[in-house]
Amino acid sequence: MIDQLGYLAFEVSDLAVWESFATGVLGLEVVRRWDGGFALRNDGHAQRFVVTAGPSDDLAAIGWQIRDEATLEALVARLRGAGQDVREASGDEAAARQVVRLFVLHDPSGIRTELFFGPSRAEAPFRSPLVPSGFVADEQGLGHLVISATDHEATRHFYCDLLGFRLSDRIVCEFYGYPVDITFLHVNERHHSLAFGGRQDKRLHHFLLEVKSLDDVGAALDRATGAGVRIAQMLGRHPNDRMISFYAHTPSGFQFEYGCGGRLVDDAVWQPTVHDRVSEWGHHPPERYVTRRKRPEASGEKP
Ligand SMILES: [Fe+2]
């Protein structure tokens with residue numbers, strides 16, 4: 001019943017730093033500003049990110065796009081029938097999200113979940129000199145996100161049984177001493193629009209932006225490094241969505257993933273599996289790489 005990940009809302013403590021990060025590192029476009037916030041886009045939607053000032057430095061809301069009003073009403077009826085507290089947003093709230101109609105509820109972790117139809121479209125195609133290949137978005141949604149969720153069964157029930165997400169796969173393993181158990185869900189052909197698992201420092205572990213060329217991933221890594229952004233995981237490829245990507249910290253502390261080459265899911269033949277590793281190669285923290293080693297003759301050591 002859900003078509004795609006429509007938008008993300010972030011609450012950030014430093015709007016100015018966030019704006020220069022979003023435009024100068026991520027390559028997103030500011031589409032409007034107001035007192036206490038701004039909106040960004042990465043494709044033909046009028047806006048894909050709503051960034052407002054506040055102390056939490058975390059995810060404020062997830063917007064899920066439904067294809068039409070009848071489907072949205074049917075989904076809301078199903079949610080209310082299952083005992084969910086669903087509120088219809090005011091016209092002003094819908095206008096701020098640049099959508100026609102909007103309903104609000106909360107997922108089992110307390111994450112504000114917004115269901116809408118009728119997003120405004122941008123007047124001009126998205127183009128950025130920083131991302132010549134462009135973003136993989138539009139029908140696939142803005143990207144994906146991975147959220148904190150401590151109650152696996154309640155979270156699975158909410159997203160799969162009530163909202164209609166479909167299981168892509170799961171990764172269960174250990175990563176540098178930390179237990180990993182992440183469940184990946186899709187709503188369209190993008191391998192996952194949402195993944196959840198474990199207790200994270202923030203509601204949002206990371207959001208993904210996918211570009212259409214590896215060169216644009218490398219250029220983003222250069223921009224992040226040049227801007228002093230803290231890299232969390234260097235380039236690598238995931239076994240499940242096949243994305244080649246890197247991870248780094250946003251000014252709010254939660255991370256972003258920047259990648260290319262994500263695989264598509266065909267529900268007619270897709271078989272969910274469990275993977276036993278996070279990455280086929282790479283994705284190591286940068287401190288695991290030897291970045292500087294004195295030549296033996298320079299240090300006086302024997303070779
Ligand atoms: Fe990701």
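The residues of the chain are indexed from 1 along the displayed sequence. Order of listing sets the numbers, starting from 1, for every ligand and every atom in it.
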Under 30°, 30 to 60°, or over 60°: which ring-plane class applies to Trp18 and Phe10, parallel, tilted or perpendicular? tilted

- Task: State whether the number of non-hydrogen atoms from other residues, nucleotides or ligands found under 6.0 Å of Glu153 atom CD is greater than 12.
- Result: yes

Between [X] and the Fe ion (ligand 1), is there a contact where an N/O/S atom of the residue lies under 2.8 Å from the metal?
{"X": "His144", "value": "yes"}
{"X": "Asp241", "value": "no"}
{"X": "His206", "value": "yes"}

Electrostatic pair Arg101:Glu88 at N-O distance under 4.0 angstrom:
yes

Answer key: the N, O or S atom of Glu257 nearest to the Fe ion (ligand 1) is OE1

Aromatic contact, Phe184 with Phe196 (centres under 6.0 Å):
no

